[in-house]
Amino acid sequence: MYKFEYDLLGDSKRTAYIQDLSAGDEGKTKTIMGWVHTRRDMGNIIFINLRDVTGMVQVVFNPENGMQMHAKAHKLRNEYVVAVTGEVATRPKDMINEDMEKGDIEFIAKELKILNASDELPVQVNEKMSADEDLRLKYRYLDLRRPDLQKKIKLRHNIIFEMRKFLSNHKFYEIETPILMRSTPEGARDYLVPSRIYKGKFFALPQSPQIYKQLLMISGFDRYFQIAHCFRDEDLRADRQPEFTQLDLEMSFVQEEDVFQITEQLFQHIFKSTLDTDLPIPFPRIDYDEAMLKFGTDKPDLRFGLEIKDLTETLAESDFRVFSSVIKKGGVVRAINAKGCADYTRSEVDKLEHQAKELGAKGLARMRFQDEKLESNITKFFSEEEKGQIADILEAEEDDLLLFVADKEKIACKVLADLRNNLGKKLNLINEDEFNFVWVTNFPLFEWNGDEEKWETAHHMFTLPKEEDIPKLDEPDKYGEITGQLYDLVCNGVELSSGSIRCHIPEIQKKIFNVIGIEEEEINQRFGFFMKSFKYGTPPHGGIAPGIDRIVMLMSGADSIRDVIAFPKTLQATDIMSESPSEVDPDMLEELGIEISEIE
RNA sequence: GGGGGUGUAGUUCAGUUGGUUAGAACGUCUGCCUGUCACGCAGAAGGUCGCGAGUUCGAGUCCCGUCACUCCCGCCA
C-alpha cells in the first residue's frame, strides 16, 4: 500500500450531496465527500466514481486544473475517503452514461483532500457479485456499503418511519416497555440476564411485549404501538433470527374486524408510500381449516392454484391397501395435480418422492393421465368408479401427473404443502412481482400435544375464544373444537403478522390456564401480578404484531432476513464480526454468583 | 439434536481416473496511456487447497474425524 499523510478536513465543508447535483448546477462550485467506488486512471486524465449515501457521480481530475491535485488523485484506490471541491459540468451528448443515474453530469475537480485510505478489500464494494456470507458478516461494515444493501436498509428505515407516522395519526401512542423482564417458561426459550444484586435470580429478555402491552390497555392508553426488539433463544432459519423486530400494537374496545381494518390500512399506506404499490383492501380471508385442507399449511402462498384435494372418503374402501389401511387408522389420503407433468422422468419424480420422504412421508404414489385414462403401476388396484372419481376430484386433464400422499393428516399436509410450493416454482406459476395478502382466521385455541399428552395453546395463552365457544371450556371432550379469536396475516406464503383478541375476563383466563395444565398456585406465582390487574377494570382489547424484518425482506425481495438487518447473527446464533458470544472475566461471574460447571 | 450443501490466491471460481511446477478473472504492485465509465496495454507479486489424522511410491482429488458458513427437519409464531 502507498503510504502518505492523510488530509484533515480543515475548513472544508460539504456543500452538496451527490443526489442534489444536477445539470442545473452547471458551473457552480460545490464540495462533495464520499468514497472512491471505482477509478479509471488514464495516465493523465483520471476518472473516479464517487459514492456517498445518496448516490454516485463521475469526478474528473485533469492536470490542467492543478498538477499537485492530479498527482494526489493518482494515489486514489477503491474505498479511499475523499473531499472534492470542484464544478458541476454537463456532459457532451456522446459522453452521457445511460447506465448511471447522474450519467448526464460530471464533477470537475479543483481541489482534492484524501481524508482516509483503505487496505486491500476483503469484500468488494463495487461488484454486484457478493462474497461468501461469513466474510460479508465478518466485514459487515464493508458489506453494508454495497448499494444493494444500502437500498434495503434505507427501505427498512422508510417502512418504519411510515409505520410511526400512520399509527401516530391514528391515535396510537408509542410507548417503550422493559427489556429486562420476568422469565416465562412457555413458548420459546428465554434469553436470561443474571441479576448482580440478587444472586441466583435472573431477568429474561422479552420474547414479545405481550403482557406489558395488555397492561397498557388496562392502564387506559387505548391504543399503543412500539417498534419492539424481541428475543427468542431457538434455532435459526433463513427467516428467523434470535433477536428480531416487531411492530407491536394493541387496541382497546375492539374486535377482530377492527384489527383487520387498521392493519390493512397500515399495510396499504406502507406499500404506497415506500414502493408506490397499490394494495387492494380488504385482504381476503381464509379459515385455518380450509387453509390446511387446500394448501396443507396455515401460511399458504396464494399466488398460484394447485390446490390439494382430499380423497379420504372416496378411497376408504379401496382395494389398494396402502391407502385404505392408512384411512382405517384415522389417516388421510390427499393428492395434488401437477398440471402437464406426465412427461416427468422417473428420476424427476423420484426426486420429489425423496423430498416427501425427508418430511416424513412413507412414499409418494403417482398416476399419469394419458389417453384419457389414469396410468400407473397402482391403477389396477382401483375400480373404474374410483378412478373416475379420482380424475374428477383432481380435475385431471391430458398429460397431468397426480401425486398422492397417504398418512397421518399432519404429515400429509406438510408433505403436500411442500410439494405444492415446489411445483409452483418448478412450473413457473409464481408472479414474483405480486404481493398476495391473506388473513388466516379461526385458528383452534388449543392443540393436542400427543408426546406430552396434554393440551397446549396454539398461539398464546391470553387469547379469547370465540364467544360461542366459551362454554366449551367446561367440556374437556370439546377443547379441540374451541376456536380462538386469533389470526395471522400471510403474504406470498410468509407469515407476516400474528395477533388475537385477548382474554380480558379473569374467570375465562383461569379456565384457559387450567386446560393447559397450569394450576392455581402456579398462576399466582408466575402471573399473579397480571391476573390481579384484570380485577380493576380491564377493557376488551386485542392487537397484532407484524414482523418488521420479514416485511422488509418481502418488500425488498431479499432471500434472507439477514439482508435486511444491519448486523445479523449467523445460523449458529453468533456474531462473527465481534466474535460474540464470548467468555467473560471470571471476576464478573463471581460478582454475579455464577459458576461455569463444565463446557463440552 | 438430525439430514443435505459449501470450503482452493485478498475476492469469485476452475482443477479430468490419485500423477511433473495447482490455473483464470477481478483486486494489489510496477510501467505506459487526456474522455474513460467493468478503461485499455505490458509485466510482477500473491497458495498451510478450512484443520487433523489415514490409505498410497504419490492426495486439492480417496477414507475417517473435526471446524466454519449455509439450507432444511426437530424447535420456534
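Here is the naming used below: chain letters follow the sequence lines, and residue numbers restart at 1 for every chain.
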What does the list of N/O pairs under 3.5 Å between the protein and nucleotides 22-25 of chain B look like, with a distance for each?
none

Look at all strands and tell whether [X] reaches a base, only sugar-phosphate, or nothing, counting heavy atoms closer than 4.0 Å.
| X | value |
| --- | --- |
| A:A458 | base |
| A:I46 | nothing |
| A:G103 | nothing |
| A:H459 | base |
| A:K102 | nothing |

Taking atom types as they are modelled, would you say the side chain of A:R240 forms a donor-acceptor pair with the base of B:rC76 within the 3.5 Å cutoff? yes
According to the salt bridge (Lys or Arg N to Asp or Glu O under 4.0 Å) rule, which pairs have a member within residues 55-70 of chain A, sequence neighbours left out? none
Is there any salt bridge (Lys or Arg N to Asp or Glu O under 4.0 Å) pair reaching into residues 88-98 of chain A, and which pairs are they, with sequence neighbours excluded? A:R91-A:E106
When the P atoms of B:rC26 and B:rG43 are considered, how many whole Å apart are they? 14 Å
Rounding to the closest angstrom, what is the interatomic distance between B:rC57 and B:rG52 at atom P? 23 Å
Using Watson-Crick or G-U wobble geometry with both distances below 3.5 Å, tell me the partner of [N], or none.
| N | answer |
| --- | --- |
| B:rG60 | none |
| B:rG40 | B:rC32 |
| B:rA68 | B:rU6 |
| B:rU17 | none |
| B:rC76 | none |
| B:rA24 | B:rU12 |

Any side chain to side chain donor-acceptor pair (under 3.5 Å) pairs touching residues 541-552 of chain A, not counting sequence neighbours? A:R156-A:D549, A:Q214-A:H541
Using whole Å, what does the distance between atom P of nucleotide B:rU11 and atom CG of A:N126 come to? 16 Å
A:T177/A:Q226 under side chain to side chain donor-acceptor pair (under 3.5 Å): CA gap, chis, key distance, verdict: CA-CA 8 Å; A:T177 56; A:Q226 180 180 193; 3.0 Å; yes
Report, as a single string ordered 5' to 3', how protein heavy atoms within less than 4.0 Å touch nucleotides 67-72 of chain B: B base, S sugar-phosphate only, - not at all. --SBBS
Would you mind building the protein contact string for nucleotides 33-44 of chain B? One character per nucleotide, 5' to 3', B for base within reach (heavy atoms under 4.0 Å), S for sugar-phosphate only, - for untouched. BBBBB-B-----
Candidate nucleotides B:rA77, B:rG27, B:rU12, ranked by approach to the side chain of A:D298 - the nearest: B:rA77
If only atom types and distance count, is the side chain of A:T574 paired as donor or acceptor with the main-chain N or O of A:T570 below 3.5 Å? no
Could you tell me how the ring of A:F462 sits relative to the ring of A:F527: parallel (under 30°), tilted (30 to 60°) or perpendicular (over 60°)? perpendicular
